[in-house]
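Pasting a structure below so you can have a look.
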Amino acid sequence: MGRKNTNIIGHICALVVVAMWGTTFVSSKVLLSNGLMPADIFFYRFVMAYTCMCIISHNRLFSSSIADELTLVGLGIMGGSLYFLTENMALLYSTASNVSILVSTTPLLTAFVLAIFYRSERMNRRQVMFSFVAFIGVVLVVLNGQFVLHLNPLGDALALGAALTWAFYSLFMKRLMGRYKADFITRKVFFYGLLTILPYYAFVSPLKTDIAIFGQPLVIGNLLFLGLLASMGGYLLWNWVMAKLGAVRATNYIYLQTLFTMLVASIVLSERITPMAIIGALILIGGMWGVQKK
C-alpha cells in the first residue's frame, strides 16, 4: 500500500514539474521582451537555484568515486549548459514550432537510449504505440492551426540535439538513482551546469545585462519563478520522481509540457487556442493515459 501511495505521489509530482516547466517558456518570453538574452536567463536562474541548494544541501561536497563525480559533470552538461545552449541556438536558426516539436521527441529518444543499456526500462509495444499517439497530439498542439513548417537543417539538428542531451541526462540519472540523495544530485547539476557554461560566456557571448532591468518587478518576479520554482524546485522534484517512477515513465510526462505552455500562453500572452490544438490536447492526454496505464 505504501509503494502504491508513493507511486501516486510520484505521478502528481511529475505533473507539477511539467506544469512549471511548461510555464517557463512563457516566463522566458516575458523576460526576452524586457531585454534579457537567453544566456542571461540561464545564468541567473541557475545561480539562484545553486545558491539556494547550497543552503538546504551542504553536508556532502563530493560523490563516492571519480566515476560518479564525472557522471555528475555529465548531468550538469546534459541537463544544464549543453541542453540550454542547443535549445536556445536552435531558436536562432529555426522556428519556435519546429523547435518545440523536435524537442518533444525527448521521451522517445530517452526510451531508445535507455533501452540500449537497461532492459528494465524498455517500453512494451502498447506503450510505444501510445507514446507515438501522444507525440502526434504534441505536434497538433504546437502547430495550433498552422500547417506550414519551415525546415532548417542546422536549427532542426540543434533542436534534436537538445532532446538527445536530456535523454542522456536520464541515462546518467539512472546510474546514480538510489545511491545519492536527490538534493545532493540537484545541487551538483546546477554547479557543473554553471561551471561548464563559463567558456561560452568567456569566448562566445559574454553577459551584457543592463542592470536597470532588475528594477522592474515583472523581471524580478519571472526570474524568481525560473530560479527558485522551475529550476531548484523543478529539478529537485524531477530527480526524485525519476527515482520513484523510473526514467522512461517519468520522461513521458514531458509530452504534457506543451499542453501547459499552450494554456498559460493563452492566459498571459492572449495567444489563441484553435480547434486543432484542442483536438491535439485530447489526443495527447489519451496517449499519455495509454503509456502510463499498467
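Position 1 is the first residue of the sequence, and the numbers go up from there. From a predicted model like this one, the values you see are computed outputs, not experimental measurements.
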- Item | Side chain T86, main chain Y83, donor-acceptor under 3.5 Å |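 Pair found, side chain donor or acceptor close to backbone of Y83.
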
- Message: Using only atom types and a distance under 3.5 Å, with no angle test, would you say the side chain of T23 pairs donor to acceptor with the backbone of A19?
- Response: yes

- Query: Same cluster or not: are M37 and L194 linked, directly or through other Ile, Leu, Val, Met, Phe, Trp or Tyr residues, by side-chain heavy atoms under 4.5 angstrom apart?
  - Reply: no

- Message: How close do A159 and L102 get, counting heavy atoms only, and between which atoms?
- Response: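 In this case the closest contact between A159 and L102 is CB-CB, 3.8 Å.
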
- Message: My understanding is that only residues two or more places apart in sequence, or in another chain, count here; which of them pass side-chain contact (heavy atoms from CB on, under 4.5 Å) with C13?
- Response: I9, L237, W240, V241

- Task: Apply the test side chain to side chain contact (heavy atoms under 4.5 Å, CB included) to residues N222 and I41: give CA-CA distance (whole Å), side-chain angles for both, the deciding distance (0.1 Å), then the verdict.
- Result: CA-CA 10 Å; N222 279 280; I41 297 171; over 6 Å; no

- Any side-chain heavy-atom pair from L259 and M262 closer than 4.5 angstrom?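 Yes, close enough: below the 4.5 Å cut-off.
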
- Message: If you apply the rule side chain to side chain contact (heavy atoms under 4.5 Å, CB included), what do you find for M232 with T186, and how did you get there?
- Response: CA-CA 8 Å; M232 186 189 77; T186 305; 5.8 Å; no

- Message: Using a 3.5 Å distance criterion without hydrogens, assess whether the side chain of Y201 forms a donor-acceptor pair with backbone atoms of A39.
- Response: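 Yes, the answer is positive, given that a donor and an acceptor are paired below the 3.5 Å cut-off.
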
- Query: Between S104 and F135, is any pair of side-chain heavy atoms under 4.5 Å apart?
  - Reply: yes

- Query: Does one hydrophobic cluster hold both L70 and I185, with members joined at side-chain heavy-atom distances below 4.5 Å?
  - Reply: no

- Message: With heavy-atom distances below 4.5 Å as the criterion, would you say the side chains of Y44 and F214 are in contact?
- Response: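 Result yes, sub-4.5 Å side-chain heavy-atom pair found.
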
- Item | Check: S28 side chain, F25 main-chain N or O, donor-acceptor pair, under 3.5 Å |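 No, because the side chain of S28 does not come within donor-acceptor range (under 3.5 Å) of the backbone of F25.
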
- Query: Is the backbone N or O of D68 less than 3.5 Å from a side-chain atom of S65, with the two atoms forming a donor-acceptor pair by type?
  - Reply: yes

- Same cluster for Y200 and L198 if Ile/Leu/Val/Met/Phe/Trp/Tyr side chains link at under 4.5 Å? yes

- Measure across G227 and M48 and return the closest heavy-atom pair with its distance rounded to 0.1 Å.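 Taking every non-hydrogen atom into account, CA-CE, 3.8 Å.
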
- Message: Would a single hydrophobic cluster contain both I279 and M276, if residues Ile, Leu, Val, Met, Phe, Trp and Tyr are joined by side-chain heavy-atom contacts under 4.5 Å?
- Response: yes

- Query: For the residue pair R187 and S57, what are the closest heavy atoms and their distance?
  - Reply: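 The answer is NH1-O, 2.9 Å.
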
- Heavy-atom pair with the smallest gap, counting every atom of M78 and T165: CB-O, 3.3 Å

- Using a 4.5 Å cut-off on heavy atoms from C-beta on, say whether the side chain of Y255 contacts that of L108. yes

- For the residue pair V18 and W238, establish whether any side-chain heavy-atom pair is separated by less than 4.5 Å.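 They are in contact (side-chain heavy atoms under 4.5 Å apart), so the answer is yes.
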
- Query: Does V248 offer a backbone N or O that forms a donor-acceptor pair with the side chain of T110 under 3.5 Å?
  - Reply: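 Side chain of T110 to backbone of V248: no pair is present.
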
- Is it true that atom CE of M177 has more than 12 heavy atoms of other residues, nucleotides or ligands lying nearer than 6.0 Å?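 Above 12, so yes.
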
- Can you find a heavy atom in the side chain of M53 that is under 4.5 Å from one in the side chain of L236?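 Sidechains of L236 and M53: in contact.
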
- Message: I need the full list of ring pair (Phe, Tyr, Trp, His ring centres under 6.0 Å) pairs touching residues 168-196, with sequence neighbours left out, sorted by first then second residue.
- Response: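 Passing the test, one end in residues 168-196: F46-F190, Y50-F191, W166-Y169, Y180-F184, F190-Y235.
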
- Task: Report yes if the side chains of F225 and R45 come closer than 4.5 Å at any heavy-atom pair, otherwise no.
- Result: no

- Determine yes or no for a side-chain-to-main-chain donor-acceptor pair under 3.5 angstrom, with T24 supplying the side chain and W21 the backbone. yes

- Item | Side-chain heavy-atom pair Y253, L245 within 4.5 angstrom cut-off |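 In short, these two side chains touch, coming nearer than 4.5 Å.
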
- Query: Has K174 got its NZ or CZ under 6.0 Å from the middle of the six-membered ring of Y118, at an angle within 45 degrees of the ring axis?
  - Reply: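 Yes, a cation-pi geometry holds between K174 and Y118.
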
- Between the side chain of H11 and the main-chain N/O of I8, is any donor-acceptor distance below 3.5 Å? no

- Crowding at CD1, I66 (>12 non-hydrogen neighbours, <6.0 Å):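 Result for CD1/I66: open.
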
- Query: Passes side chain to side chain contact (heavy atoms under 4.5 Å, CB included), L228 versus C52? Steps please.
  - Reply: CA-CA 8 Å; L228 302 185; C52 291; 3.3 Å; yes

- Which pair of heavy atoms, one from L109 and one from A163, lies closest together, and at what distance?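 In this case the closest contact between L109 and A163 is CD1-CB, 3.7 Å.
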
- Verify, without hydrogens or angle tests, whether K188 (side chain) and L61 (backbone) share a donor-acceptor contact under 3.5 angstrom. yes

- Minimum heavy-atom distance between P199 and T196, given as atom pair plus value: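 Where P199 meets T196 most closely, the heavy atoms are CD-O, 3.5 Å.
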
